[in-house]
Novice: 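Okay, here's the structure, questions in a sec.
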There are 2 protein chains.
Amino acid sequence: MATVRDYSVEHCSLARTLEIVGERWTLLIVRDAFYGVQRFADFVAHLRIPRAILSERLSLLVESGVLAKEPGPGRREHYTLTDKGIALWPALRTLIAWGDQFYAPNGPRRYFLHADDNGEVDQAGTCLECGKLLSARDYAAVPGPAARPPGPDADVVTRTLARPHRLLDPITG
Amino acid sequence: MATVRDYSVEHCSLARTLEIVGERWTLLIVRDAFYGVQRFADFVAHLRIPRAILSERLSLLVESGVLAKEPGPGRREHYTLTDKGIALWPALRTLIAWGDQFYAPNGPRRYFLHADDNGEVDQAGTCLECGKLLSARDYAAVPGPAARPPGPDADVVTRTLARPHRLLDPITG
DNA sequence: GCAGTTAGGTTCAGTTTCTGAACTTAGCGT
DNA sequence: ACGCTAAGTTCAGAAACTGAACCTAACTGC
């Protein structure tokens, strides 16, 4: 276990990337980490991912330097994105944008805007309002037209994201 | 078969995207399609992917509108990217860029430059040489510093990519 | 027009991976 | 010490992947 899956295809950079983040669930975990999810139980509750899989994926992500595992009080360790993990934001954003383009007829359920001025951000990561070049921490996830109000028994993450939330701001369960 | 895997996680656009292109091999197939691979046998030879998997993934990609299956002479059908498929280029490019950044200490094995003037291209897709905003068809895949010369028994795709090759230009086996 | 070749699959048995539920373990508050 | 909680581990059944062998519909050469 904890071995990385191997596309023997003469290692191009895409195969390398997919060996790290290409397995089922992995990119969703990373996305949740951008939302600010840090704790095991919160990943489980939000993604409804089997605990065994989450455990294995988190280990792989830590091992490959995308996440860091930091001890908390007691067993409450938390997982946070490293710089290498944060560097995945452009890739995540373009994948999300493709889904928005083709699978969100009523508009996206979530916008990613410049947290400071609510400006839209172009593909290069430049805020159309203020012209600044943004990094992941400058974005806010904001409910879009297709967002649905969270049910009464929704998990913390869903409830937190029902209102604008700056990326990488910890969501505490 | 041909059912799409389901992340029941309240369908955000990333989950939707991953349901289409998130399975093992799928993005490598799409990348090869950008290189100009169109035929079943060429995908098999270049990716060394099991034929059963390739068959299933191609069906899924056609079904979801990323590829189109076009009849050729006899059984030589070819698969080509649709506009929806071509729209995946920015996502593919950012994923490749991440791999280049962290897993290519001696430089990438492949650059993606503006085919007309060999200019580098920024994250937004603007050529730094001529300033034009490029689409996938304007790029050329060019061997980088870490490229290795193809062996004598290399497949057509590897041999074709050993010299600059414009994206989406068909590679004929 | 028939035999051989080629391309694009399908089938199948063995292996790996995923899933969901139940169980374990370590620290914390009282 | 007692139970609670958070973070895993274990396990059996289901699904997906793998590699090799097989199949079949066009073409090709004769």
Side-chain angles (χ1 to χ4, degrees), chain A residues 1-9 15 18-19 22-29 32-33 37-63 67-80 155-157 170-173, chain B residues 1-9 15 18-19 22-29 32-33 37-63 67-80 155-157 170-173:
Chain A
M1 78 199 55
T3 60
V4 164
R5 84 173 160 179
D6 176 42
Y7 293 105
S8 54
V9 65
L18 294 177
E19 279 171 4
E23 287 178 297
R24 189 146 154 66
W25 294 110
T26 303
L27 273 180
L28 291 171
I29 293 169
D32 270 23
V37 177
Q38 302 189 328
R39 302 245 311 272
F40 193 93
D42 292 336
F43 285 110
V44 170
H46 187 229
L47 296 176
R48 309 233 213 100
I49 179 179
R51 308 166 73 78
I53 300 293
L54 177 61
S55 179
E56 199 218 332
R57 294 292 191 278
L58 287 173
S59 299
L60 281 170
L61 287 169
V62 168
E63 201 175 296
L67 295 180
K69 181 178 191 171
E70 285 160 22
R75 191 166 255 223
R76 288 172 210 220
E77 6 222 2
H78 49 277
Y79 295 90
T80 55
D155 59 285
V156 208
V157 182
I171 291 178
T172 62
Chain B
M1 77 194 57
T3 60
V4 165
R5 82 174 161 178
D6 177 41
Y7 293 107
S8 55
V9 64
L18 293 178
E19 279 171 3
E23 287 178 298
R24 190 144 153 65
W25 295 110
T26 304
L27 273 181
L28 291 172
I29 293 168
D32 270 22
V37 178
Q38 300 188 329
R39 302 245 310 272
F40 192 91
D42 293 337
F43 284 111
V44 170
H46 187 228
L47 295 176
R48 309 231 214 103
I49 178 179
R51 307 166 71 80
I53 301 293
L54 177 61
S55 178
E56 199 218 333
R57 294 293 191 279
L58 287 174
S59 299
L60 280 170
L61 287 170
V62 168
E63 202 176 295
L67 295 181
K69 182 179 190 170
E70 285 160 21
R75 192 165 255 223
R76 288 172 209 220
E77 5 222 2
H78 49 276
Y79 295 90
T80 54
D155 59 285
V156 208
V157 182
I171 291 179
T172 62

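Reminder, nothing fancy here: chain letters follow the sequence lines and each chain counts from 1.
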Novice: Among C:dG8, D:dA7, C:dT19, which nucleotide has an atom closest to any side-chain atom of A:Ala52?
Specialist: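 When the side chain of A:Ala52 is considered, C:dT19 is the closest of C:dG8, D:dA7, C:dT19.
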Novice: Send over the distance from B:Glu56 CD to D:dA16 P, rounded to a whole Å.
Specialist: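 Rounded to whole Å, this separation is 8 Å.
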Novice: Report the residue from B:Thr172, B:Ile29, B:Val157, B:Thr80 that forms a side-chain contact (heavy atoms from CB on, under 4.5 Å) with B:Val37.
Specialist: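 When B:Thr172, B:Ile29, B:Val157, B:Thr80 are each tested with B:Val37, the side-chain contact (heavy atoms from CB on, under 4.5 Å) holds only for B:Val157.
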Novice: Side chain of A:Ala41 only, please: which of D:dC17, D:dA7, C:dG9 is the nearest?
Specialist: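 Of the options given, the side chain of A:Ala41 lies nearest D:dA7.
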Novice: Is any side-chain nitrogen or oxygen of B:Tyr79 closer than 4.0 Å to OP1 or OP2 of C:dG9?
Specialist: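 True: B:Tyr79 side-chain N/O within range (under 4.0 Å) of C:dG9 OP1/OP2.
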Novice: Write down the distance between CD1 (B:Ile53) and P (C:dC12), rounded to a whole number of angstrom.
Specialist: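 One finds 16 Å between P of C:dC12 and CD1 of B:Ile53, rounded.
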Novice: For the side chain of B:Arg76, counting heavy atoms from C-beta on, which of D:dA6, D:dG19, C:dT6 is nearest?
Specialist: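 For the B:Arg76 side chain, the nearest candidate turns out to be C:dT6.
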Novice: Give the rounded distance in Å between these two atoms: CZ of B:Arg51 and C1' of C:dA7.
Specialist: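 Going from CZ in B:Arg51 over to C1' in C:dA7 covers 8 Å.
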Novice: Provide, to the nearest angstrom, the distance between the CZ atom belonging to A:Phe40 and the C1' atom belonging to D:dT5.
Specialist: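 Atom-to-atom, A:Phe40 to D:dT5, this comes out as 14 Å.
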Novice: Taking all atoms of both residues into account, what is the closest heavy-atom pair of B:Phe40 and B:Leu58, and its distance?
Specialist: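 Minimum heavy-atom separation between B:Phe40 and B:Leu58: CD1-CD1, 3.9 Å.
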Novice: Counting just side-chain N and O atoms, does A:Trp25 come under 4.0 Å of either OP1 or OP2 of C:dT19?
Specialist: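 Looking at the OP1 and OP2 atoms of C:dT19, one of them is under 4.0 Å from a side-chain N or O of A:Trp25.
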Novice: Quick check against the 3.5 Å criterion: does B:Ser59 have a side-chain atom that pairs as donor or acceptor with the backbone of B:Ser55?
Specialist: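 Yes, B:Ser59 side chain to B:Ser55 backbone: donor-acceptor pair under 3.5 Å.
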Novice: How many Å lie between CG on A:Leu54 and C1' on D:dA6, as a whole number?
Specialist: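 After rounding, the reported distance stands at 13 Å.
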Novice: Should A:Arg24 be listed as having a side-chain N or O under 4.0 Å from OP1 or OP2 of C:dT19?
Specialist: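 Result: yes.
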Novice: CD of A:Glu23 versus P of C:dT17: gap in Å, rounded?
Specialist: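 Rounded to whole Å, this separation is 8 Å.
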Novice: Hey, does the side chain of A:Arg57 reach the backbone of A:Arg24 with a donor-acceptor pair shorter than 3.5 angstrom?
Specialist: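 It does hold such a pair.
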Novice: For B:Gln38 and C:dA7, give me the distance from atom CD to atom P, rounded to whole Å.
Specialist: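 So the CD-P distance, B:Gln38 to C:dA7, works out to 15 Å.
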Novice: Provide the closest heavy-atom pair for B:Arg39 versus B:Glu77 in the form atom of the first, atom of the second, distance.
Specialist: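 Of all heavy-atom pairs spanning B:Arg39 and B:Glu77, the closest is CD-O, 3.7 Å.
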Novice: Give the rounded distance in Å between these two atoms: CD1 of B:Ile29 and P of D:dC17.
Specialist: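 These atoms are roughly 11 Å apart.
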Novice: Measuring to OP1 and OP2 of C:dT10, would you say a side-chain N or O of B:Ser55 lies under 4.0 angstrom away?
Specialist: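 Answer is yes, contact under 4.0 Å.
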